[in-house]
Amino acid sequence: MSAQAETDARDDRYQPATIEAKWAERWAADPDMYAAEPASSGKPKYYVLEMLPYPSGQLHMGHVRNYAIGDALARYKWMQGCNVLHPMGWDAFGLPAENAAIKNNTPPREWTIGNIASMKQQMQRLGLSYDWRNEVTTCLPDYYRWNQWFFIRMFERGLAYRKQSKVNWCPQCATVLANEQVVNGCCWRHDDQIVELRNLEQWFFRTTEYAQELLDGLDQLPNWPDKVRTMQRNWIGRSDGAELAFEVVAGEPMQGDAGKEILPASGVTLTGDRITVFTTRIDTIYGATSVQLAPEHPLVTGWAAGDPTLREHVDGMLEQQKAAREGGDLAGLEKHGAFTGHYAQNPFTGELLPVWIANYILADYGTGAIMSVPAHDERDWEFAGKYGLPVRQVVEVPGAENALPVLGEEGAVLVHSGKWSGLACAEARAQLSAEAAAGGYGRATITFRLKDWGVSRQRYWGTPIPMLYCGDCGIVPVPDDQLPVLLPENVAITQQGGSPLAQVPEFVNATCPKCGGPARRETDTMDTFVDSSWYFYRYTSAKDSTAPFDKEAAKYWFPIDQYIGGVEHAILHLIYSRFWTKVMRDLGLITNAEPAERLFTQGMVIKNGAKMSKSKGNVVSPDEMIGRYGADATRMYALFAAPPDRDLEWQEDGVAGVSRFLAKVYRFVQRHSAAALEAGDAALPEQPNADEQVVLRKLHQCIRKITEDFNDRWHFNTCIAAIMELQNVLTGADERFASGAIRPEVTAHVLRRVVLLLAPFAPYMTAELWAELGESGGLLRTPWPAFDEALAKASELEVPVQINGKLRTVIKLAADAGEPAMREAALGDERVLAAIEGKQVVKMIVVPGKLVNLVVR
RNA sequence: GCCCGGAUGGCGAAAUCGGCAGACGCAGCGGACUUAAAAUCCGCGGACCGCAAGGUUGUGGGGGUUCAAGUCCCCCUCUGGGCACCA
C-alpha cells in the first residue's frame with residue numbers, strides 16, 4: 001500500500017475518484033435509471049434538450065457547460081415530480097470524418113463510431129442523466145432513411161426542387177454551402193477561406209414558402225432570447241413595398257446626354273419589354289430619375305448580345321461584384337454603372353428615364369431592378385452624384401431645412417408629385433400602390449431576404465439524396481419501399497471536388513422505378529443540417545422502424561419544454577428546424593407549430609480572455625479537470641463561475657475551490673450522519689432553540705432561493721454561492737451539532753436537505769452521502785425539499801440609518817417593526833442624535849423593513 | 001454604418017422592484033493545530049487619511065432626475081457579438 005493510499009484509508013477525506021468510479025459502475029448497470037415514463041404516468045411531462053454534438057472524439061468545455069446546465073435542470077425537474085425526457089445523440093455526418101479518412105486512411109464510418117464511443121464514455125464519466133435507450137446517431141441508416149423519406153415527401157409537395165443557380169463554393173470543403181453557412185464571405189468552418197461563387201444545378205428546399213410563418217411564429221416564442229429572435233427576423237428580412245412596371249421604349253436608343261437626362265413623353269412606341277422594379281418607397285416615384293438593373297438582369301443579357309460595349313461593362317461589373325462578394329465586403333465596393341442606351345417609361349408621369357446597369361444592384365433580391373431616386377435614397381444619391389444624374393426632390397418637411405438627401409419621413413409630405421402632393425409618405429404609398437394595381441402596372445407586394453435552402457453537397461459522408469434521373473421519365477424519386485438508399489462503404493475519398501459517390505458505378509447505375517429502364521442515381525448528399533432539423537422528434541421513439549417517429553409519442557412530448565445550446569446556431573439550425581417542424585405539421589405528423597417552447601443560449605467558455613480554441617492554444621481538457629478534481633467539481637465550477645448566459649472565464653484555481661467546498665460538505669455530513677441516522681424520520685422539534693433557529697433559518701432561506709432560481713432566473717452561480725454560505729454557517733455550528741445542542745432531529749432535517757439541494761449539481765457526491773444517510777432510493781425520485789417560510793424568516797432586523805443619504809449607523813429591531821417603531825428607534829439612537837445635533841430634521845424617509853433616511857439642514 | 005450585450009476590488013463575480021456596493025469563490029496576509037509541511041479551522045483584505053474611534057472617496061468618463069443611483073434619463077469612451085449596398 002502506498003503512503004497516499006494509507007492516508008486515504010484512515011481519514012474521511014473526500015475522494016472523488018473513488019466515489020465517482022463506484023457510482024458510475026452502479027449507474028451503468030441500470031440502464032432504466034433515467035428512463036422517461038409513459039404518458040399514462042399522469043405526471044407533468046418535461047422535455048429538456050441540449051443540442052446534440054458533432055462526434056469529434058473529444059468533449060470540450062463548451063459541451064461540459066451546456067450539459068451541466070441541462071443536467072441540473074433535468075435532475076431538478078425529476079425531483080419536482082415531472083416525467084422527464086432527457087436524451088442525447090450524435091450529429092454524425094459531416095466533413096471532418098472525410099478529412100480524417102484522407103489523413104489517417106480510416107473509413108469515415110469507423111472513425112465516427114469510434115469517436116462516439118469515446119465521447120459517450122466522457123459523458124457517462126460526467127454523470128449526465130441521459131436516457132441512452134433513445135440515442136440517435138444520424139449517420140446510421142435507421143436514421144437517415146427518414147431524411148430520405150422526408151426529402152421525397154417534400155419533393156411530392158414541390159418543397160424540394162432542383163434549379164441552376166449561383167452557389168457558394170468552399171474550396172477547402174470541396175462542396176457548396178447554404179447562404180446561412182457563409183459568414184462574412186467566408187466558410188463557416190474555415191473562417192480564412194473565401195467562398196467562391198459557382199453556377200451549379202442543385203437541390204433546394206423551399207424555405208421561402210414558410211417565410212411569413214417563420215416570421216410570425218417569432219412572436220409566439222416569448223421565451224426565446226430576444227437576440228435570437230431579432231437575428232432571425234433580420235435574416236428573414238421582410239420588406240413591404242411595391243412592384244412597378246416600366247415599359248421599355250422602342251426605336252434606336254435615344255441618346256440624351258449619354259443617359260443623364262429625362263426625356264419628355266412624346267410620340268413613343270413600346271417594345272413590349274417591361275422592367276419590373278421593387279421599391280419600398282413608391283411614394284417617391286415622381287423623384288425617380290433613372291432605372292437601375294443588376295448586370296445579370298435578363299433584359300441586359302439580351303441587349304448585351306448585340307452591344308459589345310455593354311457586354312464589356314456587364315462582364316466588368318460581374319467580375320467586381322464577384323471579387324467584392326468573395327472578399328466579404330460588398331458594401332465597400334465603389335458604386336459603378338453604365339448607361340444601357342435604352343429608356344423606360346415612368347408609369348405615373350409618362351416620362352422616359354434612362355436605363356442603367358449598376359454594380360450595387362443585386363440580381364437575387366427583389367426583381368433585380370430598382371427605380372433610382374437620388375433625392376431620397378443614400379445609395380442613389382451617391383450614384384447620381386458620381387455620374388451627374390438629375391436629382392428631383394419630391395418629399396419635404398414643411399418649414400425645415402431639408403438637406404438632401406431627405407431620408408426621414410417624420411412630418412414629411414409629398415411635393416411636386418401631381419395630385420398626390422401634400423400627402424404624408426405612408427398614405428401616398430397606399431394610394432399610389434392602389435392606383436398602380438388599378439392601372440395594371442404594379443401592386444403592393446412583400447419581399448423577403450430569406451432564400452431557399454440549398455441542400456446538395458458534393459461530399460461522401462452524408463445522406464444520399466433519394467432521387468433518380470431517367471432518360472425517359474426525368475427526375476423520379478426512389479420508391480418508399482426501396483429506402484434507405486444506402487451509403488456505399490469503401491468509397492475512395494478525394495478532395496478533388498465532385499461527388500465521391502459519382503465514382504461508384506454500382507451506386508450510380510440503377511433502374512427507373514417507373515419505366516424499368518436504366519437510370520442514374522443522384523450522387524450528391526444532403527447538407528448535415530438536414531439531420532439536425534428533426535432529430536429531437538426521433539428521440540421520442542428512436543427505435544421506430546415504420547415511421548420517422550411515433551405520432552402519439554411526439555404529441556405527448558412536444559413542444560420541447562427547454563432547449564439549451566450555443567447562440568452560434570441562431571440562424572442556422574434554429575431556422576432550419578423551425579422550418580422542418582412546419583413542414584411536418586403540414587404533413588400531418590405533428591400538431592405543434594414550433595419545436596421548442598423555451599430556448600436558452602449559454603455563453604462561451606473563455607480562457608485568458610479568448611474563446612478556447614486549438615489555434616490559440618488555450619484549450620482546457622475536461623478529462624484533465626475531471627481527473628484532477630472529479631466530475632462533480634468540474635461540472636459545478638462550470639455553473640459557479642458565471643451566470644449561464646454570460647461568458648465564463650475558466651480558472652483552474654476556481655475548480656479547486658469548488659472541490660474544497662464539496663470536501664467540506666462531505667466531511668460535515670460524514671461527521672454527523674450518525675446523529676441523523678439515530679433520529680431517523682422524527683419530526684422537527686415544535687420549538688427550535690436559538691442555535692437550531694440560526695441553522696434552520698439559513699437552510700430554508702437557501703431552499704427558497706434555489707427553488708425560485710430554478711423556476712425563473714437560472715443564476716446557478718448564486719445558487720451554489722447560497723449553499724456555500726449555508727455550509728459556512730453549518731461549519732461554524734459544528735461543535736453544537738457534535739455536542740447535541742442541536743438535536744438529532746434537526747441534524748437529520750438539515751443533512752438530508754443539504755444533500756438534496758446539491759443533488760442537481762453534484763450527482764456523484766450526493767449519491768454517496770444519500771446512502772451514508774441510510775437512504776437506499778435514488779435521489780432523482782426523491783421530492784425536492786419544500787421551504788418553510790416561518791423558519792426562513794429572520795427574528796431580528798438590521799436597519800441602516802442614513803443622514804442625508806450617507807450611512808451613519810445600523811440599528812437592530814424586531815423583525816415585524818413597523819414604521820413608527822423604526823422612526824422612534826432611529827431618533828433614539830445616540831449616534832444619530834450626535835449626528836443631527838444642532839441641525840434641523842427637514843424630512844424623514846422610513847421604508848418599512850428596509851431603511852431610514854433623515855434629511856437635515 | 002446599423003442592431004444587441006458588457007465595463008463593479010489583485011482575479012471570477014454578487015447586489016432579482018431605486019434603499020447598507022463588493023455576497024460567494026480564487027489569490028494574498030495574519031493566527032491556531034503540527035517537530036515541520038500538507039490538509040483543516042479561525043480571522044483580515046476597494047482606495048486614501050488616521051495609532052484608533054472615525055472620516056473622505058469609490059461601480060468606464062461627463063451631465064441630470066431623486067431623500068437615496070451600480071440600478072432610471074441624456075451625451076461620450078472602450079470592449080465582445082450579430083448584421084451590413086436587401087432598394
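Bear in mind the structure is a predicted one, so any value in this text is a computation, not a measurement. Quick note on labels: first sequence line is chain A, next is B, and so on, each numbered from 1.
Evaluation of the ring pair (Phe, Tyr, Trp, His ring centres under 6.0 Å) rule for W381(A) yields no partner, not counting sequence neighbours. Qualifying ring pair (Phe, Tyr, Trp, His ring centres under 6.0 Å) partners for F668(A), counting only residues two or more places apart in sequence or in other chains: H672(A), F737(A). Take D219(A) and apply the salt bridge (charged side-chain N to carboxylate O under 4.0 Å, His left out) test, not counting sequence neighbours, and it matches R233(A). Listed by chain and number, the residues in a ring pair (Phe, Tyr, Trp, His ring centres under 6.0 Å) with F716(A) are F710(A), W714(A) (sequence neighbours excluded). Applying the ring pair (Phe, Tyr, Trp, His ring centres under 6.0 Å) criterion to Y387(A), with sequence neighbours excluded, gives W356(A), F383(A). Contacts of R660(A) classified as salt bridge (charged side-chain N to carboxylate O under 4.0 Å, His left out), with partners at least two apart in sequence or in another chain: none.
If you take atom C1' in C24(B) and the same atom in A13(B), they sit 8 Å apart, rounded to whole Å. Nucleotides G82(B) and G18(B) place their C1' atoms 32 Å apart, quoted to the nearest Å. Across G22(B) and G10(B), the matching C1' atoms stand 14 Å from one another, rounded to whole Å.
Set against C11(B), C20(B), C83(B), the side chain of L807(A) has C20(B) as its closest nucleotide. Comparing G81(B), A13(B), A27(B) by their closest approach to the side chain of P643(A) singles out A13(B). Closest approach to the L851(A) side chain among A7(B), A87(B), G19(B) is made by G19(B) (side chain taken as heavy atoms from C-beta onward). Between C83(B), A7(B), G19(B), one nucleotide has an atom nearer to the side chain of N853(A) than all others, and that is G19(B).
For the segment residues 705-721 of chain A, residues with any heavy atom less than 4.0 angstrom from an atom of RNA chain B are, sorted by number, K705(A), R713(A), N717(A), T718(A), A721(A). Interface residues of residues 840-849 of chain A facing RNA chain B, ordered by number: K843(A), I845(A), V847(A); criterion, heavy-atom separation under 4.0 Å.
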All N/O donor-acceptor pairs, side-chain side in residues 850-857 of chain A, below 3.5 Å, sequence neighbours left out:
unit_1, atom_1, unit_2, atom_2, d
N853(A), OD1, G805(A), N, 3.1

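With a 4.5 Å cut-off on side-chain heavy atoms, V395(A) and R281(A) count as touching. When side chains are defined from C-beta on, I723(A) counts as touching I706(A), because their heavy atoms get closer than 4.5 Å.
Distances shown here put every side-chain N or O of Y360(A) at or beyond 4.0 Å from the OP1 or OP2 atom of A87(B). Look at R660(A) and you'll find a side-chain N or O under 4.0 angstrom from OP1 or OP2 of A27(B). The side chain of K850(A) contributes no N or O atom lying less than 4.0 Å from OP1 or OP2 of A68(B). Within the structure, every side-chain polar atom (N or O) of R808(A) is placed at least 4.0 Å from both OP1 and OP2 of C20(B). Residue R233(A) places none of its side-chain N or O atoms closer than 4.0 Å to OP1 or OP2 of C83(B).
By the 4.0 Å N-to-carboxylate-O rule, K705(A) lies too far from E725(A) to be salt-bridged with it. Comment: R808(A) does not engage D829(A) in a salt bridge, judged by the lack of any side-chain N to carboxylate O separation of less than 4.0 angstrom.
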| Under 4.0 Å protein heavy-atom contacts per nucleotide of nucleotides 41-46 of chain B, with B for base, S for backbone only and - for none | S-----
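Two residues, D377(A) and M724(A), neighbour RNA chain B, and the one matched to the more 5' nucleotide by heavy-atom proximity is M724(A). Checking Q651(A) against F448(A), the closest nucleotide of RNA chain B that is more toward the 5' end is the one next to Q651(A).
Residue I723(A) is out of contact with every strand shown, counting any heavy-atom pair closer than 4.0 Å. R831(A) comes within contact range of the sugar-phosphate backbone alone, with a heavy-atom separation under 4.0 Å but no base atom that close.
In RNA chain B, consecutive stretches of 3 or more Watson-Crick or G-U wobble pairs with both distances under 3.5 Å are given as paired ranges: B:1-7 with B:77-83, B:10-12 with B:24-26, B:28-32 with B:40-44, B:46-49 with B:54-57, B:60-64 with B:72-76.
With 3.5 Å as the limit, one finds no donor-acceptor pair spanning the side chains of Y360(A) and Q292(A).
Using a 90° window around 0 for the glycosidic torsion, G50(B) falls outside it and is classed as anti.
For K227(A) and C3(B), a side-chain-to-base donor-acceptor distance below 3.5 Å is absent, hydrogens and geometry of angles not being considered. A donor and an acceptor atom never sit less than 3.5 Å apart when one is taken from the side chain of D653(A) and the other from the base of C26(B).
Screening residues 797-806 of chain A for salt bridge (charged side-chain N to carboxylate O under 4.0 Å, His left out) gives E798(A)-K812(A) as the qualifying pairs, with residues at least two apart or on separate chains.
The shortest non-hydrogen separation linking A294(A) to V300(A) is O-CG2, 3.8 Å.
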